[in-house]
Structures are given as C-alpha cells and as structure tokens.
Asks: 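One structure coming up, written as structure tokens, with questions to follow.
Throughout, a chain's letter reflects where its sequence line sits, starting with A, and its residues are numbered from 1.
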Amino acid sequence: MPELPEVETTLRAIKSFEEKIVESISIHNPNLRWLVDKDISQKLSGKKINQIFRRAKYLIFDFDDYQLIVHLGMSGTLRIMNRKDNFFKKHDHAELIFEDNKLIYNDPRRFGSIHVTKSYKDHFLISSLGPEPLSRSFCKDYLFKKIQNSKTNIKNFIMNQKNVVGIGNIYASEILFRSSVDPRRLAQTISNSECNLITSNSKIILKEAIKVGGTTLKDFFSAEGSAGYFKIQLNVYDRENEVCVNCENLISKITQNQRASYFCNICQG
DNA sequence: CTGAGATCCTGTCTGC
DNA sequence: TGCAGACAGGATCTCA
C-alpha cells in the first residue's frame with residue numbers, strides 16, 4: 001500500500017504519540033522482512049518517544065538512546081486501539097503499548113520491517129537513500145545530472161530509492177503521465193526541461209495525495225481497519241484500456257522490471 | 001560498479 | 001463451486 005503519501009498520512013495519524021512513554025512492546029511474529037530484534041521491548045520499555053518523523057517510506061520513532069525504524073512494506077498498516085481492547089486481527093505482528101492505548105503493526109505479506117538502532121542515519125536501510133522528493137535538493141539540476149550515468153528506463157529510475165525516495169509504482173506512472181514522458185525512455189535520454197517537469201510534477205502529485213490522504217485519517221485508522229484506503233484521482237494507474245483524460249487514446253499497460261506501468265502512448269509519445 | 005531477474009509472503013481476483 | 005495461476009501500492013539479493 002504505502003508510497004510516500006500513505007506513509008506521511010500514517011505519520012500524521014500517529015504524531016500524537018510523541019512525548020508518550022512506551023510501557024512495553026509485544027512481538028507476536030518476529031518474522032518480518034528481517035527478524036525483529038528479540039530485545040526490542042527491553043530496549044524501549046519505559047522510554048519516551050521524543051519525536052516521530054518520516055524518512056523516505058520509513059517511520060522513525062526517536063528515543064533518547066535508540067531509534068525505532070518501521071517500514072510498512074507492500075501491505076503494512078498501523079492502527080490505534082484502546083489499551084484494553086483484546087481484539088486482534090490476523091497478521092497483527094507487533095504492538096507498542098502505552099498507558100491508554102496501543103499501536104498495532106499489521107502486515108499480511110510481511111514485506112515490512114521493524115528495527116531498533118542507535119543511529120538511524122547510519123542504518124543500512126537508510127544510509128544510501130536518495131533525496132526527499134519534496135525537498136529542494138530534488139530539483140531539475142540534480143535529476144539531470146543523476147540520469148546521465150543511468151542505463152535503465154526512466155520509470156524504474158524514479159522508483160529507485162537511491163535516486164529519489166518515496167515514489168512507488170502508482171505515483172511513478174502518474175508523474176510520468178503528467179510530465180508527458182514515456183516510461184520506456186532511457187533515463188539518460190531525458191532532457192533538461194523534462195527533468196524540470198518530472199521534479200516539479202512529483203512534488204505537485206505527492207503533495208496533492210498527502211492532502212487527500214489527510215481527509216480520510218479517521219477511516220484509515222478505524223478500529224475495524226477495514227475502511228477504504230484513499231485513492232487520489234488517478235489518471236493512468238489501473239486504467240488499462242480506459243480513455244485517456246487528455247485525448248481519445250486508450251491507456252496502455254506494459255510490464256517494466258516486473259512491475260505494471262500505465263501510460264498514454266499519444267500524450268507520452 | 002550497473003541492471004535484470006528471482007525472491008520473500010499472503011490475499012484476492014480471473015478464467016477454466 | 002473449486003482450483004490453478006496471475007497479480008498486488010516494496011526492495012533486497014544474486015548473478016552476469
């Protein structure tokens with residue numbers, strides 16, 4: 001589920017846990033993408049969360065002497081429950097328990113992960129990540145320089161978290177559509193002005209998605225957890241053979257690097 | 001170093 | 001209805 005906007009939405013929903021003390025942590029299934037540290041509860045129990053923030057698609061919980069790194073993978077969610085609710089769902093793998101409530105980590109496919117570390121910036125998952133797409137460093141000049149050495153297609157390039165973080169399969173297609181760039185183009189053939197379009201449209205689309213996500217926070221975090229995940233107006237993703245929003249052409253679906261790509265071969269020709 | 005393909009895992013949908 | 005196979009919003013790993 002989560003690309004940058006969904007993780008950001010999740011972050012905003014759990015911001016209220018800042019300044020709260022973790023009483024304990026229960027790991028019901030440590031077999032996530034990586035095995036969860038068996039000493040996690042011992043390390044963090046009784047400690048106060050100073051701050052919760054996002055880096056790429058990771059949520060970072062900052063404590064005085066440790067940091068907790070949470071990734072939601074493809075299917076992970078966090079939900080807030082009352083402390084005394086003994087209501088578990090399938091694939092609830094971990095829970096952070098606080099005085100009044102608790103934060104439940106659910107992930108059916110277990111592609112997500114939970115790590116405890118002394119310095120998240122030096123952690124192997126974080127240390128070689130590219131710039132945040134909403135930051136100033138992700139600009140035309142950065143992208144233009146970066147693509148010069150690349151031999152992969154532009155869609156794969158912007159999904160590579162070493163080049164820029166937070167963009168996943170949905171937004172990659174949406175960004176390239178809005179930028180009128182064919183996803184099959186070799187990254188190094190993208191022009192300077194197209195780099196300008198890609199960076200600015202990335203910011204526009206991601207910000208818009210965050211904005212919409214913010215309106216469905218309550219649903220997203222309902223105790224039942226079944227409420228519909230928000231979807232911004234998607235122009236190409238999952239619209240194979242539907243009419244393009246800009247012309248009369250039908251949207252194409254192809255496979256690139258084993259992922260689905262959607263585009264209009266007229267508008268993005 | 002790069003890039004392509006396999007891989008981890010469960011749930012859901014489609015077609016026979 | 002049953003069941004096999006494809007596919008899903010991620011990203012690492014292995015190998016050429």
Asks: Are A:F177 and A:F263 close enough that their ring centers fall under 6.0 Å?
Replies: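 Judged by ring-centre distance (under 6.0 Å), A:F177 and A:F263 do not meet the cut-off.
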Asks: Send over the distance from A:Q161 CD to C:dT12 P, rounded to a whole Å.
Replies: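 Result: 8 Å.
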Asks: Can a donor-acceptor pair be found, under 3.5 Å and without considering hydrogens, that links the side chain of A:E6 to the backbone of A:T77?
Replies: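 It does not hold such a pair.
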Asks: Do the side-chain N or O atoms of A:Y237 get closer than 4.0 angstrom to the phosphate oxygens (OP1, OP2) of C:dG9?
Replies: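 True: A:Y237 side-chain N/O within range (under 4.0 Å) of C:dG9 OP1/OP2.
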Asks: Between C:dG10 atom C1' and A:N156 atom CG, what is the distance in whole Å?
Replies: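 After rounding, the reported distance stands at 12 Å.
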Asks: I'd like to check the side chain to side chain donor-acceptor pair (under 3.5 Å) partners of A:N160; sequence neighbours left out, ordered by chain and number.
Replies: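 Testing A:N160 for side chain to side chain donor-acceptor pair (under 3.5 Å), a comparison that skips the adjacent residues, returns none.
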Asks: Run the side-chain donor-acceptor check on residues 199-210 of chain A: report pairs under 3.5 Å with partners two or more places apart or on a different chain.
Replies:
from, atom 1, to, atom 2, distance (Å)
A:T199, OG1, A:C195, O, 2.9
A:T199, OG1, A:N196, O, 3.1
A:S200, OG, A:N196, O, 2.8
A:S200, OG, A:L197, O, 3.3
A:N201, ND2, A:R178, O, 3.4
A:N201, ND2, A:S179, OG, 2.9
A:N201, ND2, A:L197, O, 3.1
A:S202, OG, A:I198, O, 2.6
A:K203, NZ, A:P133, O, 2.9
A:K203, NZ, A:S135, O, 2.8
A:K203, NZ, A:F138, O, 2.8

Asks: Given the side-chain rings of A:H115 and A:F124, with only the six-membered ring counted for Trp, is the space between their centroids under 6.0 Å?
Replies: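 Yes, the ring of A:H115 comes within the 6.0 Å limit of the ring of A:F124, centre to centre.
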Asks: If you measure from the C1' atom in C:dA11 to the same atom in B:dT12, how many Å do you get, rounded?
Replies: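 It works out to 22 Å between them.
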Asks: Quick check against the 3.5 Å criterion: does A:Q268 have a side-chain atom that pairs as donor or acceptor with the backbone of A:P183?
Replies: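 Not at all, since once roles are kept as given, no pair shorter than 3.5 Å links the two residues.
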Asks: When the distance from CD1 of A:I170 to C1' of C:dG10 is rounded to whole Å, what number comes out?
Replies: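 Whole-Å distance recorded here is 12 Å.
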Asks: Using a 4.0 Å heavy-atom cut-off, does A:S75 contact any base of the nucleic acid, only the sugar-phosphate backbone, or nothing at all?
Replies: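 Since no nucleic acid heavy atom lies under 4.0 Å of A:S75, the category is nothing.
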Asks: To the nearest angstrom, how far is A:K57 atom NZ from C:dG9 atom P?
Replies: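 After rounding, the gap between these two atoms is 11 Å.
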Asks: Quickly work out the A:I69 CD1 to C:dT12 P distance and round it to whole Å.
Replies: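 About 12 Å, once rounded to whole Å.
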Asks: Short of 4.0 Å, heavy atom to strand atom, which residues of residues 108-131 of chain A count as contacting DNA chain C?
Replies: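 Nucleic-acid contacts, sorted: A:R109, A:F111, A:L125.
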Asks: Just call it for A:N257: base, sugar-phosphate, or nothing, with non-hydrogen atoms closer than 4.0 Å on any strand.
Replies: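 The residue A:N257 makes sugar-phosphate contact but no base contact.
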Asks: Take atom P in C:dC7 and the same atom in B:dG5, then report the distance between them in whole Å.
Replies: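 Each nucleotide's P atom is 15 Å from the other's.
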Asks: Which donor-acceptor pairs under 3.5 Å do the side chains of residues 18-30 of chain A make with protein atoms, sequence neighbours left out?
Replies:
from, atom 1, to, atom 2, distance (Å)
A:E18, OE2, A:K15, NZ, 2.8
A:E18, OE2, A:I52, N, 2.8
A:E19, OE1, A:K48, NZ, 3.4
A:E23, OE1, A:R83, NH1, 2.8
A:E23, OE1, A:R83, NH2, 3.4
A:H28, NE2, A:E95, OE2, 3.0
A:N29, OD1, A:N31, N, 2.9
A:N29, OD1, A:N31, ND2, 3.3

Asks: When you measure from the side chain of A:Y262, which nucleotide among C:dT12, C:dG10, C:dA8 comes out closest?
Replies: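 The answer is C:dA8, which lies nearest to the side chain.
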Asks: Who are the salt bridge (charged side-chain N to carboxylate O under 4.0 Å, His left out) partners of A:D65, not counting sequence neighbours?
Replies: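 Expected list: A:K47.
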Asks: Could you work out, with salt bridge (charged side-chain N to carboxylate O under 4.0 Å, His left out) as the rule, every residue matching A:R239, not counting sequence neighbours?
Replies: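 Scan of A:R239 (salt bridge (charged side-chain N to carboxylate O under 4.0 Å, His left out), adjacent residues dropped) gives A:E242.
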Asks: Quickly work out the A:L72 CG to C:dG10 C1' distance and round it to whole Å.
Replies: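 From A:L72 CG to C:dG10 C1': 11 Å.
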Asks: At under 4.0 Å, does any side-chain N or O of A:R259 touch on OP1 or OP2 of C:dG10?
Replies: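 So the side chain of A:R259 is within the cut-off, an N or O lying under 4.0 Å from OP1 or OP2 of C:dG10.
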Asks: Heavy atoms only, 4.0 Å cut-off, all strands: where does A:K162 land among base, sugar-phosphate and nothing?
Replies: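 No contact.
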Asks: Taking ring-ring contact (aromatic ring centres under 6.0 Å, His included) as the test, write out the residues that go with A:F111, two or more places apart.
Replies: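 If we apply the ring-ring contact (aromatic ring centres under 6.0 Å, His included) test to A:F111, skipping adjacent residues, there are no hits.
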Asks: What is the distance from CG of A:L32 to P of C:dT12, rounded to the nearest Å?
Replies: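 Atom-to-atom, A:L32 to C:dT12, this comes out as 15 Å.
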Asks: Which donor-acceptor pairs under 3.5 Å do side chains of residues 143-151 of chain A form with protein atoms, sequence neighbours excluded?
Replies:
from, atom 1, to, atom 2, distance (Å)
A:Q148, NE2, A:F144, O, 2.8
A:S150, OG, A:T152, N, 3.3

Asks: What interatomic distance, in whole Å, is found between P of C:dA6 and the corresponding atom of B:dA6?
Replies: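 Their P atoms lie roughly 13 Å apart.
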Asks: Who pairs with A:Y120 by ring-ring contact (aromatic ring centres under 6.0 Å, His included), at least two apart in sequence or on another chain?
Replies: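 ring-ring contact (aromatic ring centres under 6.0 Å, His included) check on A:Y120 returns A:F53.
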Asks: Under 4.0 Å from any heavy atom of chain A: name the first and the last nucleotide of DNA chain B that qualifies, 5' to 3'.
Replies: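 Under 4.0 Å from chain A, the extent on DNA chain B is B:dG3 to B:dG11.
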Asks: Quick one: salt bridge (charged side-chain N to carboxylate O under 4.0 Å, His left out) partners of A:E194, sequence neighbours excluded?
Replies: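 Counting only residues at least two positions away or on another chain, A:E194 forms a salt bridge (charged side-chain N to carboxylate O under 4.0 Å, His left out) with A:R185.
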Asks: Give the dot-bracket string for DNA chain B, reading 5' to 3', where a pair is Watson-Crick or G-U wobble with both distances under 3.5 Å, ( ) marks pairs inside the strand, [ ] marks pairs crossing earlier ones, | marks a partner on another strand, and . marks unpaired.
Replies: .|||||||.|||||||
Asks: Using atom CD of A:Q256 as one end and atom P of C:dA8 as the other, report the distance to the nearest whole Å.
Replies: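 It is 13 Å, rounded to the nearest whole Å.
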Asks: Counting the atoms with a prime plus P, OP1 and OP2 as sugar-phosphate, which does A:F157 contact under 4.0 Å by heavy atoms, base, sugar-phosphate, or nothing?
Replies: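 Counting heavy atoms under 4.0 Å across all strands, no contact is made by A:F157.
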